[in-house]
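What follows is a single structure, written as structure tokens, with notes after it.
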Amino acid sequence: MQLTVLGSGTIAPSADRTAAAYWVETGDVRLLLDCGAGTLQRAARFDVPWSTATHVAISHFHLDHWGELPHYLFALRWGTAPPRSTPLVLLGPRGIHARLTLAAGAFEDWLIAPEYGLDIVELDPGDGYPLDRDVRLESAATSHTAESLAYAVCADGARLVYTGDTGFDESLAQWSIDCDLLLAECSLPEEHAIESHLTPQRAGRLARLARAQRLVLTHFYPMFGDADPAAQARTEFAGHVNAARDGDRFTIPEV
């Protein structure tokens, strides 16, 4: 399994980080996890084959996690040669179909019925979905918004867990237990901590309780400045820690 970080930032503008977006490749599956502003530009910059996506999974409805989805769907109509002809599966929390239908009122009806086909699948916390014969997507609730989901991609014994946005939650750690890579939001330094987001230390604690093999921190607000979030997380977690940057790539499990 290969993970490419397309966007390691937030809604706050940054010269170095775009909003949340992560590309996962395993077997015949090409999965885009979240689709915040800058997704397509980063995909082009880092040679990610964005037009070959088989699935898109949205974690929640804040704009920095799905605001570029209409742009992405439009690019699949007109930004590929030849035009896309295979359906795309869009997964997300319950309510994503209604929200996309409302967006179609502004962007035109094709948004929910593009020529290539769009299958919209709504998930409740705990639901699983087969991405392929040997690849499964699992979901769990997080303590960020009422609909927020974390996702796990499971293939050939490997497990990647993406927290989406969340506060610290021991039940999320138990759901993530023994994962190969924990891709954890890390929005704020500890001195600016709020309950609906993680800090480096809280992400480290989550990884320790989850017995993760590797912790990759992401979703940084600019207020981190020159601080080292990975070093801060290591005060709670003794395993491998990376503070992600746009363009970083990881192999799961490590080889």
Side-chain angles (χ1 to χ4, degrees), residues 3-24 32-46 48 58-68 142-145 148 150-151 160-169 172-173 176 179 181-210 212-250 254:
L3 165 68
T4 302
V5 177
L6 296 179
S8 60
T10 65
I11 199 66
S14 166
D16 303 313
R17 301 181 186 278
T18 54
Y22 311 92
W23 182 263
V24 180
L32 178 63
L33 289 169
D34 281 338
C35 189
T39 295
L40 285 166
Q41 287 79 5
R42 283 300 200 246
R45 177 177 175 182
F46 301 128
V48 167
I58 300 300
S59 65
H60 66 291
F61 300 134
H62 285 165
L63 280 178
D64 55 332
H65 290 260
W66 86 308
E68 194 160 302
T142 76
S143 56
H144 182 66
T145 66
S148 293
Y151 290 117
L160 160 66
V161 171
Y162 169 47
T163 66
D165 283 2
T166 185
F168 179 78
D169 186 343
L172 180 60
S176 307
C179 61
L181 188 149
L182 179 64
L183 179 61
E185 76 113 296
C186 185
S187 297
L188 303 166
E190 192 66 35
E191 59 269 25
H192 295 285
I194 59 177
E195 291 304 312
S196 59
H197 280 295
L198 293 174
T199 66
Q201 290 88 338
R202 296 177 192 194
R205 195 178 315 143
L206 189 74
R208 172 166 50 83
L209 292 175
Q213 292 298 307
R214 177 183 287 273
L215 170 62
V216 176
L217 304 172
T218 188
H219 200 57
F220 301 107
Y221 273 91
M223 65 181 64
F224 273 101
D226 295 328
D228 184 355
Q232 296 170 18
R234 290 187 193 104
T235 65
E236 292 282 350
F237 176 62
H240 295 292
V241 184
N242 296 87
R245 303 201 66 88
D246 294 12
D248 282 355
R249 288 181 164 91
F250 301 91
E254 289 183 84

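- Annotation: side chain of Leu3 is not in contact with side chain of Tyr162 (no heavy-atom distance under 4.5 Å).
- When the ring pair (Phe, Tyr, Trp, His ring centres under 6.0 Å) test is applied to Phe224, the partners found at least two apart in sequence or on another chain are Phe220.
- When only modelled atom types and interatomic distance are considered, His62 and Asp165 share no side-chain donor-acceptor pair under 3.5 Å.
- Contact detail for Val161 and Cys179: the closest heavy-atom pair is CG2-CB, 3.8 Å.
- Once rounded to the nearest 0.5 Å, the distance linking OG1 of Thr39 with NE2 of His65 reads 11.0 Å.
- Atom OG of Ser148 sits about 12.0 Å away from atom CD1 of Ile58, to the nearest 0.5 Å.
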Taking only distance into account, with no hydrogens and no angle test, what donor-acceptor pairs under 3.5 Å do side-chain atoms of residues 243-250 form with protein atoms, sequence neighbours excluded?
residue : atom : partner : partner atom : Å
Asp246  : OD1  : Ser8    : N            : 2.7
Asp246  : OD1  : Ser8    : OG           : 2.7
Asp246  : OD2  : Thr18   : N            : 2.9
Asp246  : OD2  : Thr18   : OG1          : 3.1
Asp246  : OD2  : Arg42   : NE           : 2.8
Asp246  : OD2  : Arg42   : NH2          : 3.1
Asp248  : OD2  : Arg245  : N            : 2.9
Arg249  : NE   : Thr4    : OG1          : 3.4
Arg249  : NH2  : Phe46   : O            : 2.5

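- Ala230 and Asn242 make their closest contact through CB-C, 4.5 Å (heavy atoms, listed as atom of the first residue, atom of the second, distance).
- Remark: Glu191 CD is packed, more than 12 non-hydrogen atoms of other residues, nucleotides or ligands lying under 6.0 Å away.
- For residues 212-225, the set of pairs meeting the salt bridge (charged side-chain N to carboxylate O under 4.0 Å, His left out) definition, not counting sequence neighbours, comprises Arg214-Glu254.
- Checked by atom type and distance alone, the side chain of Asp169 never pairs as donor or acceptor with a backbone atom of Thr142 at under 3.5 Å.
- Scanning all heavy atoms of the two residues, the minimum distance from Leu209 to Ala173 falls at CB-CB, 3.7 Å.
- Rounding to the nearest 0.5 Å places CG of Leu188 at 8.5 Å from NE2 of His219.
- When the ring pair (Phe, Tyr, Trp, His ring centres under 6.0 Å) test is applied to Phe168, no partner is found at least two apart in sequence or on another chain.
- Annotation: the span from Leu6 atom CG to Arg17 atom CZ amounts to 13.5 Å, rounded to 0.5 Å.
- Among residues at least two apart or in separate chains, side chain to side chain donor-acceptor pair (under 3.5 Å) pairs with a member in residues 220-241 are Arg208-Glu236.
- Contacts of Gln213 classified as side chain to side chain donor-acceptor pair (under 3.5 Å), with partners at least two apart in sequence or in another chain: none.
- A search for side chain to side chain contact (heavy atoms under 4.5 Å, CB included) contacts involving Ala207 returns Leu182, Ala212, Leu215, Phe237, not counting sequence neighbours.
- For Glu190, the side chain to side chain donor-acceptor pair (under 3.5 Å) partners two or more places apart in sequence, or in a different chain, are Thr199, Arg202.
- Residue Leu198 comes nearest to Gly167 through the heavy atom pair CD2-C, 3.7 Å, listed as atom of the first residue, atom of the second, then distance.
- Listed by chain and residue number, Glu185, His197 satisfy the side chain to side chain donor-acceptor pair (under 3.5 Å) test with Ser187 (two or more places apart in sequence, or in another chain).
- A search for ring pair (Phe, Tyr, Trp, His ring centres under 6.0 Å) contacts involving Tyr151 returns nothing, not counting sequence neighbours.
- When all heavy atoms are compared, the tightest approach of Pro229 to Leu217 is O-CD1, 3.6 Å.
- Taking the six-membered ring where the residue is Trp, His60 and His144 present perpendicular rings, their angle passing 60° and hence far from 30°.
- Considering only residues two or more places apart in sequence or on other chains, Thr218 meets the side chain to side chain donor-acceptor pair (under 3.5 Å) condition with Tyr22.
- Residues satisfying the salt bridge (charged side-chain N to carboxylate O under 4.0 Å, His left out) criterion with Arg45, sequence neighbours excluded, are absent altogether.
- In terms of heavy-atom proximity, Pro200 sits nearest to Pro189 at CD-CA, 4.2 Å.
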